[in-house]
Amino acid sequence: MPTPSEQIDKQIAELPDWRGSRMTELRKLINETDPRLKEDWKWGTAVWTAKRNVIALGAFKEHVKINFFNGASLDDPAGLFNAGLDAKATRSIDLRDNDAIDEQALRYLIKAAAEYDASRR
């Protein structure tokens with residue numbers, strides 16, 4: 001049985017276009033930003049967990065989605081959340097080919113998500 005990290009490697013390898021390179025970049029950013037977050041594989045996609053599900057990363061035909069499971073509870077001062085804004089708990093960032101990423105603002109959200117997860121019982 002492949003490990004979650006191996007399954008994520010395979011998912012990325014099967015995306016030879018910009019989505020694969022974008023997912024590689026985002027995976028590295030998430031892993032570097034908060035060591036409490038561990039790679040997992042759920043629902044056929046990459047998920048980072050600590051106490052609970054924190055972030056999911058998925059590739060779609062036209063975009064790559066970063067889903068924050070408790071995004072509605074996070075402060076988003078840079079306004080990165082651009083999808084799922086009406087959801088009760090989650091918030092997402094949809095990135096299309098050539099969309100710029102505010103790396104500092106994204107790191108802030110990743111840290112905030114990990115902190116929020118750590119603070120919950």
Side-chain angles (χ1 to χ4, degrees):
M1 182 83 173
T3 67
S5 293
E6 289 168 343
Q7 289 173 301
I8 296 168
D9 290 342
K10 183 177 185 295
Q11 178 188 35
I12 290 170
E14 291 171 354
L15 296 166
D17 58 10
W18 67 271
R19 295 171 303 161
S21 54
R22 179 56 60 99
M23 286 190 62
T24 298
E25 177 185 1
L26 293 169
R27 178 188 194 185
K28 183 174 185 272
L29 191 74
I30 294 166
N31 287 335
E32 287 175 357
T33 299
D34 200 303
R36 291 175 291 193
L37 300 177
K38 302 298 177 217
E39 289 185 343
D40 204 344
W41 184 257
K42 298 181 181 188
W43 315 291
T45 198
V47 176
W48 280 261
T49 61
K51 287 182 181 176
R52 294 171 193 78
N53 297 326
V54 180
I55 298 169
L57 189 57
F60 296 84
K61 187 175 180 182
E62 299 291 328
H63 65 279
V64 169
K65 180 181 288 289
I66 312 166
N67 182 60
F68 288 78
F69 286 91
N70 289 294
S73 300
L74 305 178
D75 185 31
D76 178 20
L80 294 185
F81 292 137
N82 62 10
L85 302 178
D86 295 330
K88 187 182 280 188
T90 65
R91 293 290 181 273
S92 300
I93 303 167
D94 287 356
L95 296 168
R96 287 169 175 67
D97 193 9
N98 298 318
D99 281 355
I101 298 177
D102 182 337
E103 191 174 307
Q104 187 174 352
L106 184 54
R107 284 184 189 274
Y108 173 88
L109 282 177
I110 294 165
K111 273 273 191 224
E115 289 294 330
Y116 181 81
D117 184 70
S119 72
R120 295 177 63 211
R121 292 182 179 250

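Taking the six-membered ring where tryptophan is involved, the planes of Phe69 and Trp43 are tilted, since the angle between them lies from 30° to 60°.
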request  = Report the C-alpha distance between Glu6 and Lys10 in whole Å, list the side-chain angles of each, state the deciding distance to 0.1 Å, and finish with yes or no for salt bridge (charged side-chain N to carboxylate O under 4.0 Å, His left out).
outcome  = CA-CA 6 Å; Glu6 289 168 343; Lys10 183 177 185 295; over 6 Å; no
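Looking only at side-chain heavy atoms (C-beta outward), Asp117 and Arg36 stay at 4.5 Å or farther from each other. By the 4.5 Å heavy-atom criterion applied to side chains, Ile110 and Phe68 are counted as neighbours. Within the 4.5 Å cutoff, no side-chain heavy atoms of Lys38 are placed close to those of Trp48. Counting heavy atoms from C-beta outward, Asp9 and Arg27 have side chains that approach closer than 4.5 Å. Asp94 has its side chain out of reach of Phe60: every pair of non-hydrogen atoms, C-beta onward, lies at least 4.5 Å apart. For the pair Ile66 and Leu106, the minimum side-chain heavy-atom distance is below 4.5 Å.
Residues Ile30 and Ile93 share a hydrophobic cluster, clusters being chains of Ile/Leu/Val/Met/Phe/Trp/Tyr side chains in contact below 4.5 Å. Under the 4.5 Å side-chain heavy-atom criterion for ILVMFWY residues, a single connected hydrophobic cluster contains both Trp41 and Leu26.
The heavy-atom pair separating Arg91 from Gly84 by the smallest distance is NH1-O, 3.5 Å.
When each of Arg107, Lys111, Glu103, Lys28 is tested with Thr33 by the rule side chain to side chain donor-acceptor pair (under 3.5 Å), just one qualifies, namely Arg107.
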